[in-house]
Colleague: 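Below you will find the structure I want to go over with you.
Chain naming here is simple, since letters A, B, ... match the order of the sequence lines and numbering starts at 1 in each. Note that the structure is a prediction, hence the values are computed from the model and not measured.
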Number of protein chains: 2
Amino acid sequence: MTRRMGGGAIRMQDVARAAGVSAITVSRALGAPDRVSPETRARVEAAVRALGYVPNLAAGTLKSQRSRIVVAIVPTLANAIFAETVEGMTEALRAEGYQLLLAHSGYAPETEESLVTAFLGRRPDAIVLTGLHHTAAARAQIRAAGIPVVETWELGGAAIDMNVGFSNRDAARALTTALVARGYRRIAFVGVDPAAEPRARRREQGYRDAMAEAGRRPLIHRLVEDRGISMRSGAGMLDALLAGPRPADAVMFTNDYIAFGALAECARRGIAVPGRLAIAGFGDFEVARECHPALTTVRVPGREMGRRAATLILDRLAGRPAPPRVDLGFDVVLRDSA
Amino acid sequence: MTRRMGGGAIRMQDVARAAGVSAITVSRALGAPDRVSPETRARVEAAVRALGYVPNLAAGTLKSQRSRIVVAIVPTLANAIFAETVEGMTEALRAEGYQLLLAHSGYAPETEESLVTAFLGRRPDAIVLTGLHHTAAARAQIRAAGIPVVETWELGGAAIDMNVGFSNRDAARALTTALVARGYRRIAFVGVDPAAEPRARRREQGYRDAMAEAGRRPLIHRLVEDRGISMRSGAGMLDALLAGPRPADAVMFTNDYIAFGALAECARRGIAVPGRLAIAGFGDFEVARECHPALTTVRVPGREMGRRAATLILDRLAGRPAPPRVDLGFDVVLRDSA
DNA sequence: ATGAAAGCGCTAACAG
DNA sequence: CTGTTAGCGCTTTCAT
């Protein structure tokens, strides 16, 4: 339409010419509309529309040293667990014109590290990580970048910068205590390799705490796979739980999906839940609410962590005070399965 | 450490000085290592490490007009449905140094449009959309950007550029036909407002096709909410399905989550599945495999669509031939629920 | 309220 | 294989 074709996009200069102003005025009309007279603004806006102008944010980023990009790294998206956090984050960020650069680490700190390296090149304005466990190199790079950091899904003293989440340990302890109160005698815990998944380790610890407080011996089972764990793995644990002279009468799984897998297996085998085996999960995913019998579990603030992480970042970037630590809590949800 | 502090990051120039070469040599050592002598490369790499240099991709993008960013917009992440596609995409892209800018539209074309507008400012090298239904403005902007586009999760003639997916209509038809073959007489379909969800409309159409072929009258029920549909909504449909003098003896839901909700409700009410009511889903999500009775459904290539979308893009960007249309097919999975 | 000049940090193009 | 020059498209700074 104008002089350009084949690759060249419309620049601010072109808009300026069309509107009869200088480039900087276009910049202001777009980025700080109240610094420009209403008439000028209208002319610029008309030119923008007429030309289909889309500002090149790479140029803006380079000059202003603000990218309006926030990086987020989660362990996985395949479970709705972290997906909700991501949704909460994007929604809050979008409202302020920030965009989300996302990847999943597959629960591997080394993968996380290489993602951090790659993403930092975009000069993000902030970064959101899952959990508190990262490689030393990742921490160092992030610190060097000097940007706000939020770690989610875990609470602890070792946060790089800001920390929003809940206590996995307290949550598991509270759930276990509720099971004890309901009268179960042999309460087992099914988790994953504690070395591989920090949040699972904390949950296991909470279970141990509660059992110790109740004067019981912990009964711990671990799933062999430390990733890709899901419903299937729960089903596979039943034999171990029910074997021996003194089988478990209740079991708590490290998350709802695994618990549901066990629950379904009980249905297949005709094992009464909670009659012969009570089952509890962790997370309060939708399946926990909707399955039959409905799962006793712990509700965890997935979406809220995302939203809060975003607002902490936005506050910090706007120079508003932002607390270094936000505990969003949890709720023990007693249903029929235990 | 060096002369800089307070905001200024290390630049290529600093690395060049430390390595005793020019900036462009650093650029090449990093971006095209084989165009630099091994010794030089080693010196550069050492300097990079020593200084903790992270290239500023905003600058690179500006000059090279290649951002190595791919934009993806999905309807939601809360369902594992699209999350798998996103995972497949990131994985394939990451291997080639591309990064994913992601957002979810909440199934609203207008939201999608505004996301497109915002994202185009990053000058992405390609864009991946879900489905074939977009606003005219979104299509126009994308076309004007002149970048490769892949539309996923649906197949049709109206694609903007490339299209990878499967036929929702054929899949639903095949599943319905399988239900007919299994001897069900009154097969109902539970979908959502066809105007609100194009893929659901195609599934409904496939169901109609199969019913017509079998000489049956279609029995269509629709969920009131057109978004946020999930397990709960399935449970709520049972009354309608079983009401009247001639209740359905089989029902097919527009996705597995909804089907599972109905299945669980049957368990709660003591309705035999498939004895009194056979239930089928769509998608073959994990819950379909693991619930009891296991769900008859259609397996859909979620992760593969993501991977394929990525390779189409990479091929196109590398100047390799990329087919405009890839049909990944589907599989009817007959299990116990129907 | 508007503009001119300068430069953010890279890499394409062209030497040598 | 390595270097010089220039400029990508914005926004900051300083003027008017």
Colleague: Please identify each residue that fulfils side chain to side chain donor-acceptor pair (under 3.5 Å) with A:S105, with sequence neighbours left out.
Modeller: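 In terms of side chain to side chain donor-acceptor pair (under 3.5 Å), with neighbours along the sequence ignored, A:S105 is linked to no residue.
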
Colleague: Sequence neighbours left out, what passes side chain to side chain donor-acceptor pair (under 3.5 Å) with A:R316? Give chain and number order.
Modeller: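 So A:R316 forms a side chain to side chain donor-acceptor pair (under 3.5 Å) with A:D161.
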
Colleague: Give me the bend of the helix from C:dA1-D:dT16 to C:dG16-D:dC1, using the axes of the five pairs at each end, rounded to 10°.
Modeller: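 It comes to 20° between the two terminal axes.
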
Colleague: Does A:Y98 reach the side chain of A:I313, with side-chain heavy atoms less than 4.5 Å apart?
Modeller: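 When only atoms from C-beta onward are counted, A:I313 and A:Y98 do not touch, as no gap falls below 4.5 Å.
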
Colleague: Looking only at non-hydrogen atoms, find the nearest pair between B:P55 and B:L30 and report the distance.
Modeller: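 Looking at all heavy atoms of both residues, the shortest contact is CG-CD2, 4.2 Å.
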
Colleague: Without decimals, in angstroms, what is the distance between B:R11 CZ and C:dC8 P?
Modeller: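 Checked: the CZ to P distance equals 7 Å.
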
Colleague: Which residues within residues 54-66 of chain A lie with some heavy atom under 4.0 Å of an atom in DNA chain C?
Modeller: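 Result for residues 54-66 of chain A: A:L62, A:K63, A:Q65, sorted by number.
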
Colleague: Expected output is a numbered-order residue list: members of residues 118-126 of chain B with a heavy atom under 4.0 Å from any atom of DNA chain C. What is it?
Modeller: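 Contacts with DNA chain C under 4.0 Å: none.
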
Colleague: From CD of A:Q13 over to C1' of D:dG7, roughly how many Å is that when rounded to an integer?
Modeller: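 Taking atom C1' of D:dG7 as the reference, CD of A:Q13 is at 14 Å.
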
Colleague: Please list, by residue number, the residues of residues 19-28 of chain B whose heavy atoms come closer than 4.0 Å to an atom of DNA chain D; answer none if no residue qualifies.
Modeller: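 Here the set is B:V21, B:S22, B:I24, B:T25, B:R28.
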
Colleague: Would you kindly give the CZ-to-C1' distance between B:R43 and D:dC1, to the nearest whole Å?
Modeller: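 Going from CZ in B:R43 over to C1' in D:dC1 covers 12 Å.
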
Colleague: Roughly, in whole Å, what's the span from CG in B:L30 to C1' in C:dG9?
Modeller: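 Interatomic distance, CG of B:L30 to C1' of C:dG9: 13 Å.
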
